[in-house]
Amino acid sequence: MAEGRDITAEVKRIIKEQLDVDEKDIKSEATFIEDLGADSLGLVELVLAFEEAFEIDISDEDTEKIRTVQDAVDYIEANTKK
Amino acid sequence: MERVVITGIGLVTPNGIGTQETWRSVVAGESGIGPITLFDASQFPTRFAGEVKGFSAEQWMPKKKVKEMGRFAHLALAAAQLCMKDAAIELTEEDREECGTLIGVGLGGLEYLYQHSLTLHDKGTSKVSPYFIPTVIANLAAGQVAIALNLRGVSYCNTSACSSSAHSVGEAFEWIRRGRSSIMLAGGAEATVTGLGVGGFSAMFALSRRNEEPQRASRPWDRDRDGFVMSEGAGCVLLESLTHARKRGATIYGEVTGYGASCDAYHITKPSPEGEGAQRAMKMALADARLAPDQIGYINAHGTSTGQGDVEEARAILSLFGDHAREKKLWVSSTKSMMGHLLGAAGAVEMALSTLVLREGVVPPTINLDNQDPECTLDFVSGKARERVLDHTMSNSFGFGGTNVSLVLSRFKD
């Protein structure tokens, strides 16, 4: 992982692309399902996109805990190799 | 029994996106076939197909929905929207609860079947997309159309290879005439211009390899035919009970009057000798419509441009229609000569064209028929469309597995 990678920006970019939502709606506290209109399939696909972009594996158990944009950013920051 | 009328048509084919666009092109005898652009076909023995040109899924659905569907469902949704617009219907809540969606598909989302197989193989079990199943399964053309248009009646996919959507139209007809529904959206969709699709049919030596002249490759009943031309597309028709259509003052294209279906029970791909199974399907459709053979003026044949299939269908027609065919009072053409073979979508598209024949008084030609096979002796409307006012037409669709469907369409008369 490159130094100084802007994980938040990249997460938002992936969300925008996957869920086809406006950038301004992708707030840190926004939930994927209620606020950003993802369905359960869309959420799994989104997590797969995070896995691919950040070269990590997110278990099914952890997937269930990722509910908001901030959850995703936190999880990825904690789990990417510095 | 309820009479069943056709009140809307939506076509998305290699000859045009739109019913009028397709009809104009087919009547003009234009070929919709060209080099494959949807994938790199350079290493395949067949490198041309009938692609729906200039199709953009985003024009027909929200961007977010695009990745939920295989291309066959994109095409189906476009055809369904065109069909409902053509029918100029304002659906009531009651209509929505009754309106079924029967959309036949022969294969489904082959492009994603391939892609996700690679993902499973290369990246492992945890990387398979949740969209794999929804983009591949065949009934999601019907399912997605139902969701997008909020049609909440019976919904399923007839899958019977190249007769899939002919079965769909036939079954939708049954639903209405038995009085179980007064309105049904029926049709078909297919999009298998992919590596697996072309590779699979090539391996069966089913496809024409006339790579140097793609537009002359689909040549039903011609001496030099060498296989069918794969195409993609979708077609939908809106069927209503006559009572329902009258009540809303619908414009009526024609009436579905006969549905016959049979199985050769002979071979997975070869038709039975003398087209025996096809004959029974045609005979059943005629009996269903209470018509004598000489009342049919035009047959939109299955006519795929394959060696054996063309001969057996011609023999079946000659045998059943006898002097009426021999004296060339029965006209037979294959619109596949222009459009190629839309596989699961072929039945619905060709049934729709056979309905337009009644309304427009024009019979589309069979093109590329330069040297008629001496074993195929019917009047194939070679080269140019011909005008003729007709009361009854027939549309044939046969598929692998020996399945045969024949539909009879009639000019609407009170």
Side-chain angles (χ1 to χ4, degrees), chain A residues 1 7 10-27 30-69 71-72 74-81, chain B residues 55-74 76-78 81 108-150 152 155 157:
Chain A
M1 193 64 49
I7 288 177
E10 208 159 329
V11 163
K12 288 187 174 176
R13 182 186 59 76
I14 293 166
I15 294 168
K16 181 176 189 294
E17 187 184 295
Q18 289 287 326
L19 304 182
D20 192 29
V21 285
D22 272 352
E23 197 128 23
K24 64 172 170 49
D25 294 327
I26 311 175
K27 298 184 179 109
T31 58
F32 295 119
I33 291 182
E34 291 85 0
D35 298 329
L36 299 175
D39 60 11
S40 59
L41 302 185
L43 190 54
V44 176
E45 184 79 1
L46 179 64
V47 168
L48 283 172
F50 291 148
E51 289 185 334
E52 169 121 18
F54 297 103
E55 295 170 21
I56 54 171
D57 282 311
I58 305 176
S59 69
D60 290 351
E61 293 73 35
D62 287 341
T63 296
E64 284 174 28
K65 292 180 203 144
I66 300 175
R67 295 185 56 251
T68 67
V69 176
D71 290 345
D74 291 346
Y75 184 92
I76 293 160
E77 278 182 345
N79 289 279
T80 42
K81 297 173 209 94
Chain B
F55 181 79
S56 160
E58 286 85 359
Q59 288 178 0
W60 302 92
M61 65 203 76
K63 198 176 151 212
K64 207 171 124 186
K65 295 290 284 181
V66 171
K67 69 177 174 190
E68 270 186 23
M69 299 181 214
R71 185 170 166 92
F72 72 102
H74 294 154
L77 189 45
Q81 289 176 57
L110 283 191
E111 73 276 34
Y112 287 109
L113 186 64
Y114 176 67
Q115 192 180 305
H116 294 304
S117 298
L118 290 183
T119 303
L120 175 62
H121 181 268
D122 297 343
K123 297 183 178 171
T125 52
S126 68
K127 304 297 183 189
V128 175
S129 166
Y131 290 121
F132 162 49
I133 302 292
T135 51
V136 170
I137 53 177
N139 79 299
L140 265 265
Q144 292 285 12
V145 165
I147 294 167
L149 304 183
N150 189 14
R152 308 196 293 272
S155 178
C157 169

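All values below come from the heavy atoms of this structure, side chains included, with hydrogens, waters and symmetry mates left out. A note on names: the letters A, B, ... follow the listed sequences, proteins ahead of strands, and every chain is numbered from 1.
Expressed to the nearest 0.5 Å, how far CD1 of B/Ile133 lies from CG of B/Leu113 amounts to 9.0 Å. In this structure, A/Lys12 NZ and A/Ile26 CD1 are separated by 7.5 Å, a value rounded to the nearest 0.5 Å. With values rounded to the nearest 0.5 angstrom, A/Ile76 atom CD1 is found 10.5 Å from A/Asp71 atom CG.
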- Task: List the steps, then state whether side chain to side chain contact (heavy atoms under 4.5 Å, CB included) holds for A/Phe50 with A/Ile15.
- Result: CA-CA 9 Å; A/Phe50 291 148; A/Ile15 294 168; 4.0 Å; yes

- Message: Under the criterion side chain to side chain contact (heavy atoms under 4.5 Å, CB included), I'd like the reasoning laid out for A/Phe54 against A/Asn79: C-alpha separation, chi angles, the key distance, then a yes or no.
- Response: CA-CA 9 Å; A/Phe54 297 103; A/Asn79 289 279; over 6 Å; no

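Partners of A/Leu43 under the side-chain contact (heavy atoms from CB on, under 4.5 Å) rule, at least two apart in sequence or in another chain, are A/Phe32, A/Ile33, A/Leu46.
Looking at B/Val66, neither its backbone nor its side chain comes within 4.5 Å of chain A, counting heavy atoms on both sides. Residue A/Leu19 touches chain B through its backbone alone, counting heavy-atom pairs closer than 4.5 Å.
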Would you enumerate the inter-chain donor-acceptor pairs between chain A and chain B whose distance is below 3.5 Å?
unit_1: A/Gln18; atom_1: O; unit_2: B/Lys67; atom_2: NZ; d: 2.6
unit_1: A/Gln18; atom_1: OE1; unit_2: B/Lys67; atom_2: NZ; d: 3.0
unit_1: A/Gly37; atom_1: O; unit_2: B/Lys64; atom_2: NZ; d: 2.6
unit_1: A/Gly42; atom_1: N; unit_2: B/Tyr131; atom_2: OH; d: 3.4
unit_1: A/Glu45; atom_1: OE1; unit_2: B/Ser129; atom_2: OG; d: 2.5
unit_1: A/Glu51; atom_1: OE1; unit_2: B/Lys127; atom_2: NZ; d: 2.7
unit_1: A/Glu52; atom_1: OE1; unit_2: B/Lys123; atom_2: NZ; d: 3.4
unit_1: A/Asp57; atom_1: OD1; unit_2: B/Lys127; atom_2: NZ; d: 2.9

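Two residues are said to be in side-chain contact when any heavy atoms from C-beta on lie closer than 4.5 Å; B/Pro130 and A/Leu48 meet this criterion.
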